[in-house]
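Notes follow once the structure below has been shown.
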Amino acid sequence: MRFSVSSTELGNRLSALSRVINSKNSLPILGDFLFEVNDGRLHLAASDSEVMMRTALELNESDVNGSFCVGNHDLLEAVKGISEQPITFDVDEVSRIARISYQNGMFSLPVENAEEFPQPQQTSESATTIIIPAQVLADNVNRSLFATAQDELRPVMNGIYFDLTPDYLALVASDGHKLVRNKILNIRSEQPASFILPKKPAGLLKNVLGKQGGDVVIRFDERNAEINFEEGNITCRLIEGRYPNYNSVIPPSNPNQLTVDRQGLLSALRRVQPFSNDSSNLIRFHVENGTLQLDAEDYDFSKTATERMSCDYNGMPMSIGFKGSSFIEILSNFDCQEVVIQLADPSRAGLVLPLEQPTDQDVLMLMMPMLIND
């Protein structure tokens, strides 16, 4: 079997697929890329047995259809180092060797039987379908991933929850201390449905969707999901279990409202945070008369820091504690100019929202407070 393909296109696709492959695998074949040549197109796949990602690209030329598997690391490193030019694969199925030639050289690698490569997870005929613009899904996944947990005791918290309702599609992530809820208001269904997307396929989507347009089609049932986008698809096993009632932890009314420049607050927090206690990372927010004051202290090492900034505040004077690193993460995952921080009292969760919501969306992030000693 012989075929020729663009080195840059192949390198880009292999680089994206390589994120699926684990450093240690239960089966040697899971360390390989699957190559399938079919009618002038090259289909590529990578799998870790739970998640499979597939993509396809046009070939410059090919003689016959066929398939094989080849180890990921050496091939990826070699192809990434080749400037844009055609590279040619000559695969000898008898000796199980692939010879890859390019303008100034060649290398060879052993190949494996493609029949040993795992098959993708299949969704049932009763699967639910959601269609989302690629950029909208990418933005919402990007905003949510940082808030997912790494909790062996509560695996349902280790992914992004997709909640399809008669009024909206919500994407939710929480680790118990912070929460992100994204509502997409123009996607809804009379038949409610939901699933929990694991962190790994969500991270793969984050990397591939930012460069693509068009729509993403998600089909899912109780166990599996298939996500089809412009350049390929991802199939994965879903996290099983019941996601907590996220709406119950969102305060219905936080009357004290603070509007502040997001980048200014983010910069101030980054300057103050190094002076907080290493174990608690506590930052004290004091807001009064149009001024927000940030205080950090670590008496064990005689360190303190204070910074003030102007804000627009409508509410009673208040001091409330938040974990500095988590608040920095929240602000970093907005892309608006100003944010609104809604507070009730020092013992209740604070809400952070963009001053101007994205079109047909409702974005909200929640931060649990920390005890402060006045």
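One-based numbering along the sequence shown.
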So, [X] and [Y]: side-chain donor and acceptor under 3.5 Å apart, yes or no?
| X | Y | answer |
| --- | --- | --- |
| N158 | E152 | no |
| R143 | N140 | yes |
| N277 | S279 | yes |
| E329 | N333 | no |
| R284 | S319 | yes |
| D221 | T123 | no |
| N224 | T235 | no |
| S325 | N281 | yes |
| S6 | E84 | yes |

May I ask you to decide if [Y]'s main-chain N or O and [X]'s side chain share a donor-acceptor pair within less than 3.5 Å?
| X | Y | value |
| --- | --- | --- |
| N72 | G31 | yes |
| D151 | R154 | yes |
| N254 | A349 | yes |
| N314 | Q257 | no |
| K323 | M367 | no |

Between F68 and F89, what is the ring plane arrangement, given parallel below 30°, perpendicular above 60°, and tilted in between? tilted
Describe, in one word, how the ring planes of Y102 and F107 are oriented to each other, choosing from parallel (under 30°), tilted (30 to 60°) and perpendicular (over 60°). tilted
So, taking the atom named [atom1] in [X] and the one named [atom2] in [Y], what distance separates them when rounded to the nearest 0.5 Å?
| X | Y | atom1 | atom2 | value |
| --- | --- | --- | --- | --- |
| S4 | L42 | OG | CG | 11.0 Å |
| F33 | C69 | CZ | SG | 11.0 Å |
| I218 | L205 | CD1 | CG | 7.0 Å |
| C311 | L258 | SG | CG | 4.5 Å |
| L179 | M365 | CG | CE | 10.0 Å |
| M53 | C236 | CE | SG | 12.0 Å |

May I ask you to decide whether [X] forms a salt bridge with [Y], counting only side-chain N to carboxylate O separations under 4.0 Å?
| X | Y | result |
| --- | --- | --- |
| E338 | R262 | no |
| R13 | E231 | yes |
| E93 | R96 | no |
| D48 | K200 | yes |
| D362 | R181 | yes |
| D167 | R188 | no |
| R223 | E240 | yes |

Please step through side chain to side chain contact (heavy atoms under 4.5 Å, CB included) for the pair I250 and L364, ending with a clear verdict. CA-CA 9 Å; I250 300 174; L364 172 151; 4.0 Å; yes
Ring centroid separation F220 to F162 under 6.0 Å: no
Y313: which residues meet the ring-ring contact (aromatic ring centres under 6.0 Å, His included) condition with it, sequence neighbours left out? none
Is the shortest side-chain heavy-atom distance between N256 and M318 below 4.5 Å? yes
Under 4.5 Å between side-chain heavy atoms, counting indirect links through other Ile/Leu/Val/Met/Phe/Trp/Tyr residues: same cluster for L238 and I234 or not? yes
